[in-house]
There are 2 protein chains.
Amino acid sequence: MHSSRNVPALLNKANLRPTRQRLALAELLFAKGDRHVTAEALYDEARAAGIGVSLATIYNTLHQFSSAGLLRSISVDTSKTYFDTNTGNHHHFFLEDGDEVIDMPQGSIEISNLPEPPEGMEISQVDVIVRVRSTRK
Amino acid sequence: MHSSRNVPALLNKANLRPTRQRLALAELLFAKGDRHVTAEALYDEARAAGIGVSLATIYNTLHQFSSAGLLRSISVDTSKTYFDTNTGNHHHFFLEDGDEVIDMPQGSIEISNLPEPPEGMEISQVDVIVRVRSTRK
DNA sequence: ATTTGTGCAAATCGTTTGCATCTGA
DNA sequence: TCAGATGCAAACGATTTGCACAAAT
């Protein structure tokens with residue numbers, strides 16, 4: 001998807017100054033394949049990696065990256081927002097037990113017979129969330 | 001769906017004492033067809049109807065009704081939880097502009113090619129949310 | 001009499017905001 | 001230089017919780 005090299009180019013394209021924080025966060029986010037992070041989790045990870053960054057900046061950055069199309073935000077749970085580094089067209093499993101979000105392989109779901117949106121409305125996105133839980137109760 | 005008469009029977013079946021508040025709230029919720037309410041909205045409605053009830057009780061009641069299968073909760077938006085009086089198998093439109101949730105007619109969406117859930121997991125629910133916005137920007 | 005529900009206010013928790021200070025172009 | 005970014009702490013808003021009091025069985 002987004003290669004971890006040319007992070008500066010990504011930021012440029014998004015009209016975001018390549019600041020120390022943004023560079024480091026983009027590196028963290030896009031280096032290791034597809035991920036689903038919360039603000040708090042990214043914050044902890046950044047601090048653990050020795051990146052000096054505040055939580056407010058984490059939030060700013062996640063939102064800026066989302067607006068720029070580098071991330072996609074997911075609401076599975078009212079309690080926190082997840083940010084997905086995979087911006088392609090795909091859907092999710094949500095593990096109710098551990099509050100974990102997992103990508104479904106792209107193309108694995110087929111939706112048909114989608115009704116027309118209400119008058120004067122257009123579809124901006126279709127989200128499918130398959131909630132799963134452990135078989136043993 | 002749930003008829004507005006025999007509300008006491010509903011509560012009985014759910015093992016919930018038919019208190020003044022629960023009776024009144026059930027009446028409000030199930031009297032006028034399918035609805036999607038937030039706690040705050042139901043609270044305002046109840047007070048407007050002269051029902052003495054606290055916000056804490058609204059939350060308790062909504063959760064108890066959900067556990068009992070009388071309501072279904074929907075997370076479209078990280079900011080608030082919606083409770084749907086239609087507990088049947090159906091999906092939703094979410095109007096991004098007004099933060100409104102609308103039922104899609106049951107059977108109007110067909111999902112096929114659903115992947116197997118991860119090892120040791122079973123599907124508890126499939127949620128489809130079609131986000132729509134006004135055509136004119 | 002005992003159990004269950006209710007109301008209030010305080011506490012939580014993720015997220016946002018205001019504002020003074022820094023930093024990259 | 002100076003618009004844009006960051007950090008801190010305070011503010012927020014939805015939801016939860018603790019606990020004393022009230023109501024249902």
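Note on naming: letters A, B, ... go to the chains in the order of the sequence lines (proteins, then strands), and numbering restarts at 1 for each one.
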Taking the side chain of [X] as heavy atoms from C-beta outward, which of [options] is closest to it?
{"X": "A56(B)", "options": "dT6(C), dT15(C), dC8(C)", "result": "dC8(C)"}
{"X": "E40(B)", "options": "dC8(C), dA14(D), dT15(C)", "result": "dA14(D)"}
{"X": "H63(A)", "options": "dT16(C), dG4(D), dG14(C)", "result": "dT16(C)"}
{"X": "T57(B)", "options": "dT6(C), dA24(D), dG4(D)", "result": "dT6(C)"}
{"X": "N60(B)", "options": "dT15(D), dT6(C), dT6(D)", "result": "dT6(C)"}
{"X": "R17(A)", "options": "dT15(D), dG24(C), dC8(C)", "result": "dG24(C)"}
{"X": "R20(A)", "options": "dG7(C), dG7(D), dG4(D)", "result": "dG7(D)"}
{"X": "V53(A)", "options": "dT6(C), dG7(D), dG14(C)", "result": "dG7(D)"}

Quiz item: Which part of the nucleic acid does T38(B) contact within heavy-atom distance under 4.0 Å: base, sugar-phosphate only, or nothing?
Solution: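 No contact.
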Please state how far atom [atom1] in [X] lies from atom [atom2] in [N], giving the value in whole angstrom units.
{"X": "N12(B)", "N": "dA24(D)", "atom1": "CG", "atom2": "P", "answer": "14 Å"}
{"X": "Y43(A)", "N": "dT15(C)", "atom1": "OH", "atom2": "P", "answer": "14 Å"}
{"X": "K80(B)", "N": "dC13(C)", "atom1": "NZ", "atom2": "C1'", "answer": "18 Å"}
{"X": "I58(A)", "N": "dA5(D)", "atom1": "CD1", "atom2": "P", "answer": "16 Å"}
{"X": "L11(B)", "N": "dT6(C)", "atom1": "CG", "atom2": "C1'", "answer": "15 Å"}
{"X": "Q21(A)", "N": "dG24(C)", "atom1": "CD", "atom2": "P", "answer": "8 Å"}
{"X": "L16(A)", "N": "dT23(C)", "atom1": "CG", "atom2": "P", "answer": "19 Å"}
{"X": "L42(A)", "N": "dG14(C)", "atom1": "CG", "atom2": "C1'", "answer": "15 Å"}

Exercise. Establish, with yes or no, whether the OP1 or OP2 oxygen of dT15(D) is under 4.0 angstrom from a side-chain nitrogen or oxygen of T81(B).
Key: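 Checking dT15(D) against T81(B), a side-chain N or O does come within under 4.0 Å of OP1 or OP2.
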Quiz item: Would one find a side-chain N or O of Y59(B) under 4.0 angstrom from OP1 or OP2 of dT15(D)?
Solution: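 For dT15(D), OP1 or OP2 has a side-chain N or O of Y59(B) closer than 4.0 Å.
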Quiz item: So among T85(B), D103(B), N86(B), which one has a side chain to side chain donor-acceptor pair (under 3.5 Å) with H36(B)?
Solution: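 The single option meeting the side chain to side chain donor-acceptor pair (under 3.5 Å) with H36(B) is D103(B).
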Quiz item: Roughly how far apart, to the nearest Å, are dA14(D) and dA10(D) at atom P?
Solution: 22 Å
Quiz item: Would T81(A) and T78(B) satisfy side-chain hydrogen bond (donor to acceptor under 3.5 Å, both in side chains), going step by step from the backbone distance to the final call?
Solution: CA-CA 6 Å; T81(A) 300; T78(B) 312; 3.1 Å; yes
Quiz item: Going by the angle between their ring planes, with limits at 30° and 60°, are H90(A) and H92(A) parallel, tilted or perpendicular?
Solution: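 Ring orientation, 0 to 90° scale: perpendicular.
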Exercise. Please name the residue in the list V130(B), V132(B), D99(B), I102(B) that meets the side chain to side chain contact (heavy atoms under 4.5 Å, CB included) test with F94(B).
Key: D99(B)
Quiz item: On DNA chain C, nearest-nucleotide positions of N15(B) versus T78(B): which is more 5'?
Solution: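 Between the two, 5'-proximity favours N15(B).
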Quiz item: Taking for each residue the nucleotide of DNA chain C bearing the nearest heavy atom, is the 5' side occupied by L55(B) or by P18(A)?
Solution: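 Of the two residues, L55(B) wins.
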Exercise. Carefully, step by step, assess R35(A) and E100(A) under the rule salt bridge (Lys or Arg N to Asp or Glu O under 4.0 Å).
Key: CA-CA 11 Å; R35(A) 345 184 25 196; E100(A) 197 187 344; over 6 Å; no
Practice problem: Show your working on side-chain hydrogen bond (donor to acceptor under 3.5 Å, both in side chains) between E96(B) and S124(A) and close with a plain yes or no. | Solution: CA-CA 9 Å; E96(B) 295 182 330; S124(A) 77; 3.1 Å; yes
